[in-house]
Trainee: 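The structure under discussion is supplied below as structure tokens; questions concerning it will follow.
Keep in mind the model is a prediction, meaning the values are calculated, not measured.
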Amino acid sequence: MTAKQLVRIGVFYIEEALLTTLLQEYPEYMPAADLSRIIGIKD
């Protein structure tokens with residue numbers, strides 16, 4: 001695996017951890033799809 005691939009995998013895990021944490025702490029605010037789109041990690 002190349003360094004670039006490892007970085008992409010790492011960024012993916014960070015994004016998922018961020019979404020999971022935010023949704024656990026603030027579930028009433030907005031759906032995961034909306035949150036991820038707003039913070040720019042999903043299309």
Side-chain angles (χ1 to χ4, degrees):
M1 203 174 287
T2 67
K4 192 173 189 177
Q5 290 170 321
L6 290 172
V7 168
R8 285 183 179 162
I9 291 169
V11 169
F12 169 79
Y13 282 120
I14 291 169
E15 291 170 350
E16 290 301 311
L18 175 62
L19 278 178
T20 300
T21 301
L22 287 172
L23 291 172
Q24 286 175 353
E25 293 297 318
Y26 307 103
E28 67 279 2
Y29 285 103
M30 66 181 60
D34 293 341
L35 179 60
S36 61
R37 188 174 56 253
I38 287 168
I39 62 176
I41 61 174
K42 305 275 187 210
D43 292 333

Trainee: Who pairs with T21 by side-chain hydrogen bond (donor to acceptor under 3.5 Å, both in side chains), at least two apart in sequence or on another chain?
Mentor: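 Testing T21 for side-chain hydrogen bond (donor to acceptor under 3.5 Å, both in side chains), a comparison that skips the adjacent residues, returns none.
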Trainee: Under the side-chain hydrogen bond (donor to acceptor under 3.5 Å, both in side chains) rule, collect the residues that match up with Q24, sequence neighbours excluded.
Mentor: none
Trainee: Quick one: which of V7, T2, L6 gives a side-chain contact (heavy atoms from CB on, under 4.5 Å) with K4?
Mentor: T2
Trainee: Is it the case that one hydrophobic cluster holds both M1 and V11, taking links as side-chain heavy atoms less than 4.5 Å apart, direct or via other members?
Mentor: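 Result: no, two separate clusters.
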